[in-house]
Amino acid sequence: MGVVAMKKYMLLLFALLPCMAWAQFDRCFTDASLRVDYCLTGNNNTTVYSLKELIREPYWSGSKTNLIDTLEFGNYIVKVFEAGTDNLLFSKGYQNLFGEWQTTTEAQNLTKSFEESVVVPFPKVKIDIAFLYRNWGGELKEGMRLTVSPDDYFIRDYDNLNLSVYEAWIGNKDITKAVDIVILPEGYTQAEMGKFVKDCDFFVKSLFSYAPYDRYRESFNIRGVMAPSAESGCTMPGDHVYKNTAMRFSFWTFDSERYCMSTDNRDIRDLAGQVPYDQIYVLVNTEKYGGGGIYNFYCSSAASNGSSSDVIIHEFGHGFAGLADEYFYDNDDTYGDMYNNDLEPWEPNLTTLVDFDVKWKDMMDKKTPVPTPREKKYESTIGVFEGGGYESKDIYSPHMDCLMKTFKGHEFCPVCQRAIERMILYYSK
């Protein structure tokens, strides 16, 4: 085949790939979702999976063409195969609260269970679902495998809670070609639903005021589910304050005062499943500074703090784009070792220099030293600065400052912006 003919062939192949993927989706999946609720049990060096329940949810809002996760961000991956074969139909990487807890000092002396979920397209054919996790050495281990038939009468239909939905921002995009965000209210009473609507509007205004989101407004659909709590506010164990709220969020998660998360997975997912969603964001009705974000799990933040806009965007950086924290401590015994320095971190904005070629090396000036000194002359330079991921040594970040480090500049560095942009395109193209 000649060069010209080869080029035409390749162009035709690339043009056909989305059609081929779409055809595979239509052959194997419906427009609904299969939610798998399960438990992870263990300590700092053991991980055990156990199935809880299968739920059919009414919407599939993920891509119908990007079915295989080529990034494989996260230490956990779900893979869907045509039953009894190696034909991979779908995969997705993610993180979870259990994996984070395993790095705490508490996990060295205690065994705990955490509930969580994964969502995959609802099948037309019998499928095998494999749940994999990475061990400390970076090896993928299979923790559980299920065979699921689409006509299994033990698959529970979702509960239609008949809750009102606030269309905070609708980009008029096909849900399979958009980033669909569902905003959930935590600690808003029925009388405070008007405040939740205003806070949803604030979320939208905040999101689209930061680059690169401001360039991709039409790639998002954003909806809020009007789910009231019995009491207003949020649980704060360190202040001996306990609230009866819709999803039982709490500050002092893992004994970190500003970390606000919940282990009440089922209520979070039941509320989210009322609308199409790719990402879950929980607005917490409090003025207290804090929040949290875990990749392809969920994000949360205080709705009424003076820094809420920056916190919203920072936490969404974790949950949506898999960005790591770039700040670091010299002495902090809350966590043990977060990273194996003999491996390249999966997060796009950290490196151990083990395999820096796959990170942001292509964005750097060849004259910039590696590692890059934290000196004023490099403050606007893409470099390799020691410190990041809570560690002051042997882990490096791409910029002296960024929204993933501090809120001084109120912006993402170019490396984080590129990572966010790539994720937007992954969902919307």
Side-chain angles (χ1 to χ4, degrees), residues 40 42-44 74-75 94-116 186-187 233-243 245 247-265 268 280-319 322-339 345 347 349-350 387-393 395 397 402-407:
L40 284 175
N43 51 36
N44 66 317
N75 289 319
Y94 61 102
Q95 286 288 94
N96 53 41
L97 204 57
F98 172 78
E100 193 167 300
W101 173 78
Q102 283 185 303
T103 68
T104 66
T105 53
E106 182 184 60
Q108 298 173 18
N109 305 300
L110 191 65
T111 296
K112 275 190 173 182
S113 291
F114 289 73
E115 297 180 5
E116 62 182 62
E186 173 68 345
C234 186
T235 292
M236 302 179 188
D239 294 332
H240 304 283
V241 174
Y242 294 87
K243 298 285 187 174
T245 55
M247 294 167 285
R248 296 177 178 82
F249 272 70
S250 172
F251 285 86
W252 276 271
T253 298
F254 303 156
D255 208 23
S256 175
E257 180 179 350
R258 68 188 184 193
Y259 199 19
C260 185
M261 303 295 276
S262 173
T263 56
D264 189 11
N265 175 75
I268 295 171
I280 300 170
Y281 207 106
V282 179
L283 290 179
V284 183
N285 187 22
T286 180
E287 295 180 357
K288 183 176 178 63
Y289 175 85
I294 298 179
Y295 177 61
N296 280 342
F297 198 60
Y298 65 77
C299 301
S300 71
S301 62
S304 303
N305 181 269
S307 298
S308 286
S309 182
D310 285 329
V311 175
I312 284 170
I313 303 306
H314 173 95
E315 301 302 350
F316 196 60
H318 289 311
L323 298 176
D325 284 317
E326 295 180 15
Y327 53 83
F328 50 90
Y329 311 101
D330 289 323
N331 295 292
D332 184 355
D333 60 1
T334 301
Y335 292 93
D337 292 330
M338 292 288 288
Y339 295 95
E347 294 93 334
N349 61 326
L350 290 183
Y390 322 114
E391 301 290 338
S392 60
K393 300 293 183 183
I395 295 183
S397 50
C402 174
L403 263 171
M404 299 313 295
K405 185 174 187 286
T406 75
F407 298 158

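FYI, side chains are in, hydrogens and waters are out, and symmetry mates aren't considered; it's all heavy atoms of this structure.
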Query raised in the report: Between CE of Met247 and SG of Cys234, what distance do you get to the nearest 0.5 Å?
Result: 10.0 Å

Query raised in the report: Donor-acceptor pair, Tyr295 side chain versus Asn75 backbone, under 3.5 Å?
Result: no

Query raised in the report: Do Tyr390 and Glu326 have side-chain atoms, one donor and one acceptor, less than 3.5 Å apart?
Result: no

Report task. Verify, without hydrogens or angle tests, whether Asn296 (side chain) and Tyr94 (backbone) share a donor-acceptor contact under 3.5 angstrom. Result -> no

Query - With sequence neighbours excluded, residues passing ring pair (Phe, Tyr, Trp, His ring centres under 6.0 Å) with Phe98 - result: Phe114

Report task. Specify the closest pair of heavy atoms between Tyr339 and Ala324, including all atoms of both residues, with the distance to one decimal. Result -> OH-CB, 3.9 Å

Requested in this report: Report the residues that fulfil side-chain contact (heavy atoms from CB on, under 4.5 Å) with Thr245, sequence neighbours left out, ordered by chain and then residue number.
Outcome: Glu186, Ser229, Lys243

**Report entry** Partner residues of Asn305 under the side-chain contact (heavy atoms from CB on, under 4.5 Å) criterion, sequence neighbours left out
**Finding:** Tyr289, Ala302, Ser307, Ser308

Requested in this report: Give a yes or no answer on whether the side chain of Thr103 reaches the backbone of Met338 with a donor-acceptor pair at less than 3.5 Å.
Outcome: no

**Report entry** Tyr281 vs Ile312, side chain to side chain contact (heavy atoms under 4.5 Å, CB included): CA-CA, chis, key distance, verdict
**Finding:** CA-CA 9 Å; Tyr281 207 106; Ile312 284 170; 3.8 Å; yes

Report summary line: Taken to the nearest 0.5 Å, the spacing of Glu391 CD from Phe328 CZ works out to 11.0 Å

Report summary line: Tested for side-chain contact (heavy atoms from CB on, under 4.5 Å) against Ile294, the lone hit among Glu100, His318, Glu315, Glu116 is Glu100

**Report entry** Spacing of CE belonging to Met236 relative to OG1 belonging to Thr286, to within rounding of 0.5 Å
**Finding:** 3.5 Å

Query raised in the report: Within the side chain of Thr253, is there an N or O that forms a donor-acceptor pair under 3.5 Å with the backbone of Tyr259?
Result: yes

Query raised in the report: So how far is it from Ser300 OG to Ile280 CD1, rounded to the nearest 0.5 Å?
Result: 11.5 Å

Query raised in the report: Is the backbone N or O of Gly389 less than 3.5 Å from a side-chain atom of Asp325, with the two atoms forming a donor-acceptor pair by type?
Result: no

Report task. Establish, for the pair Arg258 and Phe249, whether the NZ or CZ atom is under 6.0 angstrom from the six-membered ring centre and no further than 45 degrees off its axis. Result -> no

Report task. State the CD1-OG distance between Ile268 and Ser262, to the nearest 0.5 angstrom. Result -> 4.0 Å

Report task. Please report the shortest heavy-atom distance between Val311 and Gly290, naming the atom on each side. Result -> CG1-O, 3.8 Å

Report summary line: For Glu287, the side-chain contact (heavy atoms from CB on, under 4.5 Å) test, sequence neighbours excluded, returns Ser304

Report task. Indicate the atoms forming the closest heavy-atom contact of Val284 with Cys260, along with that distance. Result -> CG2-SG, 4.1 Å

Requested in this report: Decide side chain to side chain contact (heavy atoms under 4.5 Å, CB included) for Phe297 and Gln95; before the verdict, give the C-alpha distance in whole Å, the side-chain angles of both, and the deciding distance to 0.1 Å.
Outcome: CA-CA 6 Å; Phe297 198 60; Gln95 286 288 94; 5.7 Å; no

Query - Leu403 backbone acceptor or donor facing His314 side chain under 3.5 Å - result: yes

Requested in this report: Could you verify whether a donor N or O on one side chain and an acceptor N or O on the other, from Tyr242 and Ser250, lie under 3.5 Å apart?
Outcome: no

Report summary line: Those residues at least two apart in sequence (or on a different chain) that pass side chain to side chain donor-acceptor pair (under 3.5 Å) with Asn43 are Thr46

**Report entry** Heavy-atom check, side chain of Leu323 versus side chain of Glu347, under 4.5 Å
**Finding:** no

**Report entry** CG on Asn349 to OG on Ser397, rounded to 0.5 Å
**Finding:** 8.0 Å

**Report entry** Residues that Asp264 engages under salt bridge (charged side-chain N to carboxylate O under 4.0 Å, His left out), provided they are two or more places apart
**Finding:** Arg248

Query raised in the report: Does the side chain of Asn44 pick up a donor-acceptor pair with the side chain of Gln102 at under 3.5 Å?
Result: no

